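To start, the structure under review is shown below, and the notes come after it.
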Amino acid sequence: MAMIVIESLVKRFGAFTAVDDVSFAVERGTVLGFLGPNGAGKSTTMKMLTGFLAPTAGRVRVCGFDVETRPLEARRRIGYLPEGAPTYPDMTPAGFLGFAAAARGLRGAAARTAIDRAVDLVELKPVLHQPIETLSKGFKRRVGLAQAILHDPDVLVLDEPTDGLDPNQKHQVRALIRSMATEKAIVISTHILEEVEAVCTRAIVIGHGRILADGEPTGHGWRLGPHMAAPGRLDDVFRSITLGAGAPAREVLPC
Ligand SMILES: Nc1ncnc2c1ncn2[C@@H]1O[C@H](COP(=O)(O)OP(=O)(O)O)[C@@H](O)[C@H]1O
Ligand SMILES: [Mg+2]
């Protein structure tokens, strides 16, 4: 059974269509890279996938539960790292994770075990008792990541998980994502092609709210769906989709 099933998802903001008829399913063991330039509709899709934003049309099921009609069952199975910084700047990571554990229904020893595990995995210990607003961007990101994996969910939705991290931290977070992959269905968004190649078992290229390519790595590059020339080169496809000639091959600039 697919752990995430998205069917004909649409989001309009007034007359503007941010997500335009997106459908896909994700199985356990997949790390799906949601790849597209800024403004492509990645975050909006992830907000609908996690139940934080109501779709204009379409539906999402997580582990068989409709995110809109069975929100508690669905959200229990989801860990979500939203875009940007965590929202409680005055709290310390210890306080914030305690709060997040309580919100997940974890108490006492179970909460402590879950927090210790998450803190170890994202290496947050040195800053546990320092207000979040005083942390570097990398540590702020890792606080969000610890919160997302706290309850060891089946489905992880990580919106630009390595944004703001230095190269060593990026490497570490990518290794962590890979290590969790066999147990879970993981969706990460990124505008960095190299990130998809480093951690993902599947890539969906999105532009202007639509899926433009969907593929998996093979021994000879990426196979990018029936309508693409195969075997496709992900960087060529991504470049031609997102920017014209002369664009950097490995990273797409904001549009
Ligand atoms: N609340 C909103 N109101 C109006 N437009 C929005 C809103 N949220 C997102 N958008 C627009 O939808 C498009 C997709 O945004 P987003 O999903 O954040 O893209 P991405 O995460 O791929 O950078 C952008 O053009 C953005 O400006
Ligand atoms: Mg975004």
Side-chain angles (χ1 to χ4, degrees), residues 4 6-24 26 31-60 62 67-68 78-87 137-138 140-145 147-148 155-165 169-170 173-174 177 185-200 202-215 224-225 234-235 237-244 247-248 250-255:
I4 301 169
I6 291 185
E7 290 172 350
S8 306
L9 208 55
V10 175
K11 185 67 192 184
R12 290 193 196 96
F13 297 108
F16 176 73
T17 304
V19 175
D20 190 2
D21 195 20
V22 163
S23 302
F24 61 88
V26 188
V31 183
L32 171 64
F34 220 45
L35 181 65
N38 291 335
K42 304 181 298 292
S43 295
T44 305
T45 302
M46 288 177 141
K47 286 175 195 164
M48 293 191 282
L49 164 52
T50 53
F52 281 83
L53 186 66
T56 306
R59 70 170 186 158
V60 177
V62 170
V67 167
E68 279 196 287
I78 301 172
Y80 175 40
L81 173 69
E83 61 187 337
T87 40
K137 201 171 174 193
K140 282 181 182 155
R141 213 70 198 123
R142 286 196 268 170
V143 173
L145 202 51
Q147 167 277 129
V155 169
L156 263 184
V157 179
L158 308 176
D159 198 346
E160 305 210 9
T162 63
D163 182 37
L165 304 188
Q169 295 167 337
K170 276 192 190 350
V173 166
R174 288 171 183 166
I177 292 170
I186 302 178
V187 182
I188 70 164
S189 70
T190 181
H191 58 281
I192 306 167
L193 186 56
E194 164 206 297
E195 183 138 299
V196 171
E197 295 186 328
V199 290
C200 296
R202 179 179 167 198
I204 284 181
V205 183
I206 179 169
H208 300 292
R210 287 188 155 264
I211 292 180
L212 302 172
D214 185 347
L224 286 163
L234 189 59
D235 56 351
V237 172
F238 189 35
R239 214 164 9 154
S240 69
I241 285 167
T242 51
L243 286 178
R250 311 302 294 177
E251 183 160 3
V252 168
L253 300 170
C255 47

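Source: prediction; values computed, not measured. Numbering of ligands and ligand atoms starts at 1, following listing order.
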**Asked** Are any of the side-chain heavy atoms of Leu81 and Arg141 separated by less than 4.5 Å?
**Response** yes
**Prompt:** When rounded to the nearest 0.5 angstrom, what distance separates OG1 in Thr190 from CG in Leu158?
**Reply:** 11.5 Å
Donor-acceptor pairs are to be reported for all side-chain atoms of residues 39-49 against protein atoms at under 3.5 Å, with residues two or more places apart or in another chain.
from, atom 1, to, atom 2, distance (Å)
Lys42, NZ, Gly36, O, 2.8
Lys42, NZ, Pro37, O, 2.9
Ser43, OG, Glu83, OE1, 3.1
Ser43, OG, Asp159, OD1, 3.4
Ser43, OG, Asp159, OD2, 2.7
Thr45, OG1, Gly41, O, 2.8
Lys47, NZ, Glu83, OE2, 3.0

**Asked** Taking both backbone and side chain into account, is any N, O or S atom of Ser43 nearer than 2.8 Å to the Mg ion (ligand 2)?
**Response** yes
**Straight-line distance of Phe52 CZ to Ile78 CD1, nearest 0.5 Å** = 8.5 Å
**Request:** To the nearest 0.5 Å, tell me how far Leu9 CG sits from Arg59 CZ.
**Result:** 11.5 Å
**Fill in**
dist Ile177:CD1 -> Glu195:CD (nearest 0.5 Å) comes out at 6.5 Å
Give one line per pair: atom of ligand 1, protein atom, distance. Only N/O to N/O under 3.5 Å.
from, atom 1, to, atom 2, distance (Å)
ligand 1, 17 (O), Ser43, N, 3.4
ligand 1, 17 (O), Thr44, N, 2.8
ligand 1, 17 (O), Thr44, OG1, 2.5
ligand 1, 19 (O), Gly41, N, 3.2
ligand 1, 21 (O), Ser43, N, 2.8
ligand 1, 21 (O), Ser43, OG, 2.8
ligand 1, 22 (O), Ala40, N, 3.1
ligand 1, 22 (O), Gly41, N, 2.9
ligand 1, 22 (O), Lys42, N, 2.8
ligand 1, 22 (O), Lys42, NZ, 2.9
ligand 1, 23 (O), Gly39, N, 2.7

